[in-house]
Structure formats: structure tokens, C-alpha cells
Number of protein chains: 2
Amino acid sequence: MPRISIREVAMRAGVSVGTVSNVLNRPNLVAEATRERVQAAIGELGFVRNESARQLRQGRSRTLGVVLESMANPYFTDVARGAEAAMNTDGFDALWCTSDGSVAKERRCLDFLEEQHVSGVVITPVGLDQGRVAELHDRGLAVVLLDRRTQGGVCSIRVDHVAGGEIALGHLLDRHHRRVAFVTGPLRPGPVQDRYTGAVSAARRAGLGESAMTTLVHREMTPTAGKEAARRLLDLDPLPTGVFCANDLLAIGLVNELLRKGVKVPAEICVVGYDDIELATAAAVPLTTVRQPRHELGWSAATLAMAEASAPEEHEHRQVVLSPALVVRESA
Amino acid sequence: MPRISIREVAMRAGVSVGTVSNVLNRPNLVAEATRERVQAAIGELGFVRNESARQLRQGRSRTLGVVLESMANPYFTDVARGAEAAMNTDGFDALWCTSDGSVAKERRCLDFLEEQHVSGVVITPVGLDQGRVAELHDRGLAVVLLDRRTQGGVCSIRVDHVAGGEIALGHLLDRHHRRVAFVTGPLRPGPVQDRYTGAVSAARRAGLGESAMTTLVHREMTPTAGKEAARRLLDLDPLPTGVFCANDLLAIGLVNELLRKGVKVPAEICVVGYDDIELATAAAVPLTTVRQPRHELGWSAATLAMAEASAPEEHEHRQVVLSPALVVRESA
DNA sequence: CAAAGATCATGAATCGTTTCAAGCCACGCT
DNA sequence: AGCGTGGCTTGAAACGATTCATGATCTTTG
């Protein structure tokens with residue numbers, strides 16, 4: 001099956017290739033009769049524009065790369081949908097990659113995106129050093145960092161997780177819990193660390209001693225890890241009465257396991273989550289949690305990237321910080 | 001910033017463009033000294049291959065499109081990871097799209113993939129008619145249908161959901177439940193309908209009358225819908241003692257809401273889910289469910305697509321059917 | 001020593017599109 | 001009649017990589 005190019009279309013419609021291209025890209029320049037003839041030829045032959053050729057010629061591409069940390073966490077997929085929505089309204093396409101938290105895979109993603117000539121990248125960086133950012137930037141790519149602090153030079157959009165941590169632990173303290181625990185994944189610099197910092201600061205402000213807050217670190221932030229966390233938690237003596245989990249998946253696993261062990265939530269132990277994913281509402285005990293504006297996060301990130309990609313000259317880098325908010329349900 | 005092309009590299013290394021291309025693609029044809037000089041130039045200039053130009057020239061592309069129904073359901077993301085793993089081992093790249101169950105968006109995805117010149121498509125079709133499949137096929141694309149029956153002409157890989165439905169309801173019947181319910185999303189032809197068919201057939205075989213199984217249809221298959229389903233379920237009179245949910249998310253929402261209403265699972269009502277997502281293990285009541293080989297599903301689909309894409313001539317279309325299996329935990 | 005290989009390097013042609021200077025034509029105006 | 005104008009169309013030159021017939025240089029061999 002021979003591939004149909006603009007050439008065949010031109011032949012069939014009895015016009016030049018230039019005219020076909022005009023029909024495709026600037027239809028108003030073409031006389032109506034001609035336009036219709038060309039459209040017809042396109043339909044009959046089943047012509048599909050070759051995006052590679054188009055990009056090659058144009059230099060730029062209306063495509064953005066998005067590198068997410070994982071698809072397993074609904075938080076990320078919600079962010080992704082926000083980004084996708086923004087791109088669709090502006091006629092951009094997205095190339096999705098997941099780094100799965102691995103530096104090597106992240107590098108592979110970026111290489112792939114660069115070869116694909118995306119005009120910008122939205123990324124939740126795992127092992128991304130300033131050097132690589134600068135490199136991408138030098139090559140003319142718009143770069144937007146998601147949920148990572150930056151010291152200028154790039155656009156970034158993040159949620160104030162220190163505030164989030166304060167809100168979460170603050171809520172427990174307001175309810176007079178005096179022995180608390182923080183359940184988390186690896187404390188790498190970034191969102192998770194910030195939540196910890198916020199929690200610590202809230203504890204300190206409430207006059208709690210160092211030892212009043214136990215931190216349980218797990219390798220992952222999954223429901224399964226939450227389940228394990230519940231077991232470790234129950235071994236603690238004295239038993240904390242308030243638990244702040246670094247994300248909702250952890251919290252859900254933890255609450256479920258506590259219930260199974262006969263520990264009542266919130267009567268005996270209160271739990272606060274983080275993210276406010278859909279499942280938080282439908283959980284066994286509807287989860288009190290800290291809502292992140294996930295959709296907006298994705299949307300704004302994509303919008304910033306598109307703006308920079310479309311007009312790199314007059315673009316000024318912005319660091320957007322969004323605020324989290326407490327959602328009180330039943331678990332605390 | 002001028003983009004670095006093979007030309008600049010050639011100049012810098014003091015060789016011709018052809019040689020640089022050889023270093024990139026057939027390094028063994030190039031003398032070691034030259035090769036090293038070129039590699040050095042590539043490094044110094046930060047050259048990145050322009051994939052558009054490459055594809056344009058080569059005609060083919062080592063890229064596969066994957067169109068999934070949704071990113072919100074962990075089931076799909078697990079399938080996706082299986083597919084990605086297979087592609088990575090064979091040096092293929094993936095372009096991800098989600099149709100979100102919308103026919104229009106599905107069409108947009110396919111248009112996008114075709115313009116990107118992918119060499120094959122793995123798809124969970126929503127509104128895909130035979131015509132569109134044939135069209136893609138005519139244009140030389142390898143097509144693999146995921147989780148959809150086909151009458152030859154294309155590769156497909158699916159799970160035997162009729163068997164799955166039978167297993168699920170069969171399990172409830174084996175445990176002597178005589179009033180049962182099937183909770184589901186829209187009964188469109190496909191996996192969901194098949195599960196229903198399986199359930200009905202199991203019921204019939206056990207000699208249950210038509211009215212012994214109530215079917216509750218919801219618009220979505222989310223935990224939130226499961227929550228609603230619980231409310232509707234409790235209105236039923238007589239109350240079913242066994243419930244089969246068309247996926248785990250529904251089941252989880254349903255179980256959680258039942259617990260909240262003080263209904264004991266499995267003591268008063270037994271629940272069987274479908275999919276065996278990670279959350280099934282960590283649920284409030286660990287879920288008895290029907291496991292699908294998700295990873296294998298994705299892996300095999302990608303493998304089939306790559307095989308067809310690499311050697312279209314000698315390729316024979318295959319219809320693979322995988323078997324689901326019951327995983328007994330605590331909910332039933 | 002001439003001829004035949006072997007080994008590498010070259011550079012022009014090519015992929016399918018966009019872009020743009022140039023051309024054509026019909027029309028109205030002076 | 002001559003000229004300008006506006007509306008449409010044309011065709012050739014890019015874009016950056018790959019490919020391949022050709023050539024250059026060096027080795028081997030009878």
C-alpha cells in the first residue's frame with residue numbers, strides 16, 4: 001500500500017502541492033471551488049498529514065512532553081488530566097512518559113522527548129539537576145517544573161507543602177492530640193520532605209517535644225505500605241492517637257488495617273491524609289485530608305509551558321505557588 | 001540558539017555527514033579513530049538526533065501508539081506498564097493516549113497517532129468499528145485490539161470474561177448464596193457485558209430463577225458509584241446476601257459504604273470484585289476477586305504489535321485469550 | 001609489479017511538508 | 001489602451017537525517 005502524500009492529492013485535485021498545503025494550513029487563501037476539490041481528493045484518497053515532515057520543515061512542534069513520576073497514584077493521573085485539558089484547548093498535543101521514580105528512566109524519557117522535538121517539557125523531576133534543566137533550556141525547550149522548588153531561571157508550579165504539613169498536623173493538634181505520628185515514604189527533598197517540615201514546625205509551635213512525634217518511613221507510598229505502617233504503629237508505646245500520612249494511599253491502607261485489627265477510627269486513632277484523591281471520599285472511613293488543586297496544577301503547568309513555547313522572547317519565568325486546603329471528613 | 005544538526009557535527013569532526021550518520025547507525029563500518037572523533041564532536045556540541053527527519057527518511061518508525069480507556073483505573077495503568085516493559089526490551093517507544101470512554105476523543109487519538117506515523121496501535125476500542133480498523137490496517141499499521149472480541153483480520157488479546165463472570169458468581173453460589181446482585185457500569189458489549197453473561201449463566205446452571213439475581217447498573221465504575229450502589233442495594237427486599245461487582249473499584253466503594261452502614265462483610269453480605277488491583281489486598285476487608293493477568297495482557301499486546309510491525313509480510317493474526325482466576329481473600 | 005580485494009569515506013539524492021517570491025488573470029480606472 | 005490592483009496559484013528551495021553508488025587508499029597476492 002503506497003502511502004498517500006500531498007503530491008497525490010495535488011495530482012488528483014489538479015492543483016499544485018503548494019495549494020494543497022494552503023488548504024491544510026491557510027484555507028482562507030484558497031478559492032472556495034479549489035478548496036472543495038482538494039478536500040474531496042483528501043477524503044477519497046484517505047490522506048493523512050505526515051507530522052514528521054511537517055515538523056522537520058517548521059522547526060517547532062506543537063507538542064509538549066510531560067514526565068510524571070508514576071501512573072499508579074491517582075494524584076498524578078489527575079494532574080495529567082488537568083494538563084491535557086489545557087493543551088487540548090490550545091491545540092497542543094502531549095507526549096506522556098513516566099519515570100517511575102528512577103533517575104535512569106527519567107533520563108531516557110528526556111532523551112526521547114528531545115529527539116521527538118517537543119517544544120516544551122513539564123516534569124516532576126526525580127534526579128534532575130540544574131545542569132540538565134539548563135541544557136534543555138539552551139536547546140530552546142520550554143521547561144516547567146512541577147512540584148519542585150526552583151531558584152528562578154525556569155518556570156515552576158508547586159503547592160506549598162510546608163503549609164500543607166502544618167495544616168494537617170495542626171488539625172490533629174487542635175483536636176488535642178499530644179502523641180502523633182508521621183507516616184511517609186522516603187524523605188527526599190521535595191514535596192514529601194516539605195510536608196514533614198511543615199508537620200515538625202506545627203508540632204514545635206504547639207510546644208510538643210521532639211519525641212512526641214514519631215516518624216515512620218516506608219519505601220513506597222502505597223496502600224500496601226500503609227498496611228505495614230499500621231502494624232508498626234500499633235507496636236509503638238505509648239500509642240499515638242493522631243496520625244498524619246504523607247499521602248492518601250498510605251492513609252487508606254493504614255486506616256483499613258487499623259479497622260481490621262479492631263482499632264476504631266477516629267474514636268481511638270485519628271488519621272489525616274494528603275492529596276484528596278477520589279478514593280478519600282469513598283473510603284471505609286471517609287478521609288480527612290489536605291486537598292491539592294491537582295487539576296489546576298496540571299492545567300497551569302501546561303499553560304505556562306505553552307506560553308513559553310509560543311513566545312520564548314517575551315516570556316518571563318514565573319514561580320507559581322498554590323495553596324492546599326484542609327478537607328474535614330470523618331477520619332480526624 | 002542554533003540547533004545542532006549532523007552537519008555541524010560533521011564539520012567539527014572533519015568528516016562528511018554520511019560518516020556521522022554511519023557512526024550513529026552502523027558504527028562498525030567506521031574506523032575506530034574516526035568514530036571516536038565523531039563521538040567527541042557529538043558530545044561537545046550536545047547533538048541530539050532529529051527524530052522527525054529520521055522518520056521522514058526511513059518511512060517506518062519504531063514507535064507504537066497505545067490508546068487506553070482511562071488513567072483513573074489502576075487496572076489500565078497496570079496493563080500500560082506491561083506494554084511499556086515489552087516495548088522497552090525491544091527498543092520500541094510508546095505514545096500514550098486516553099480516550100476517556102469517548103468516541104470523539106478516541107478518534108482524535110487515532111488521528112494523532114496516524115499523523116505521528118506510529119507503526120502500530122494497541123487499543124481498547126470504545127467506538128471503534130470494523131471500518132476504522134480496516135482503514136488503519138490498509139495504511140500499513142499493525143493493530144492489536146485489547147480486551148475485545150474479533151472475528152479475525154486483526155490481532156487481539158483478551159481475557160475470557162464470560163469465564164470470569166462464571167467464576168465470580170459461581171463462588172458465591174458455591175457458598176450457598178441464593179439471592180445475589182450484580183453491580184456494574186454500563187452494559188456495553190465487551191468485557192462488562194461478558195461478565196454479566198457469565199454471571200447469568202452460572203446462576204442458571206445453579207438453577208436460580210430470573211428474579212434471584214438483581215442487576216444494579218451505574219454510570220461509572222468508580223468507588224463513588226460503588227458507594228451509591230451500596231445504598232441502592234440496602235433498599236432491596238429481600239436483601240441479597242452475595243454481591244458480584246464488575247470491578248474492584250466498585251467493590252471497594254460498596255464494601256466501605258456497607259461497613260459504614262453497619263452491615264458486616266462478609267458475615268452479612270459477601271462481595272466479589274473483579275481485576276485484583278493492588279488496593280484489593282489493602283482494602284478494609286481484603287477483597288475476594290477475580291484476577292486478570294494485567295501485566296501479561298499489556299506485554300503480549302505490545303509484543304504482538306511489534307511483531308506485526310517488524311514483519312508485516314509473514315505475520316499471521318492471532319486471537320489470544322487469557323484466563324482469569326479466582327483469588328479468595330476475606331470479603332466472600 | 002600489476003591486479004584484485006578490503007576498508008573507509010564521500011556527497012548527492014531522497015523522504016513529505018511548508019514557505020514565499022513570482023506569475024497569471026480579470027477587473028476597474030484613467 | 002495602458003496600468004495598477006487584488007485574488008489565486010504555482011513551483012522550487014528548504015528542513016535534517018539516511019542511503020548507496022562511487023571513489024580513494026591501503027593490503028594482499030600471483
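Just the heavy atoms: all of them, side chains too, but no hydrogens, waters or symmetry mates, feed the values below. Per chain, numbering begins at 1; letters A, B, ... match sequence-line order. These numbers come from a predicted model, not from an experiment.
Summarising the geometry, the separation between CD on B/Q55 and P on C/dG16 is reported as 13 Å, rounded to the nearest angstrom. Taking atom CE on A/M11 and atom C1' on C/dG16, their separation rounds to 14 Å, with Å as the unit.
With hydrogens and angles left out, the side-chain atoms of A/E308 and A/H137 include a donor and acceptor closer than 3.5 Å. The closest side-chain donor-acceptor pair between B/T303 and B/S300, if any, does not fall under 3.5 angstrom.
Residue A/S16 has no polar side-chain atom (N or O) positioned under 4.0 Å from OP1 or OP2 of D/dG11.
By the 4.0 Å N-to-carboxylate-O rule, A/E84 lies close enough to B/K105 to be salt-bridged with it.
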Please encode protein proximity along nucleotides 15-26 of chain D as a string of B, S and -, counting only heavy-atom distances under 4.0 Å. BBBBB-------
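Side-chain atoms of B/T124 do not come within 3.5 Å of backbone N or O of B/L68 as any donor-acceptor pair.
Using a 4.5 Å heavy-atom threshold, the side chains of A/R149 and A/R158 count as touching.
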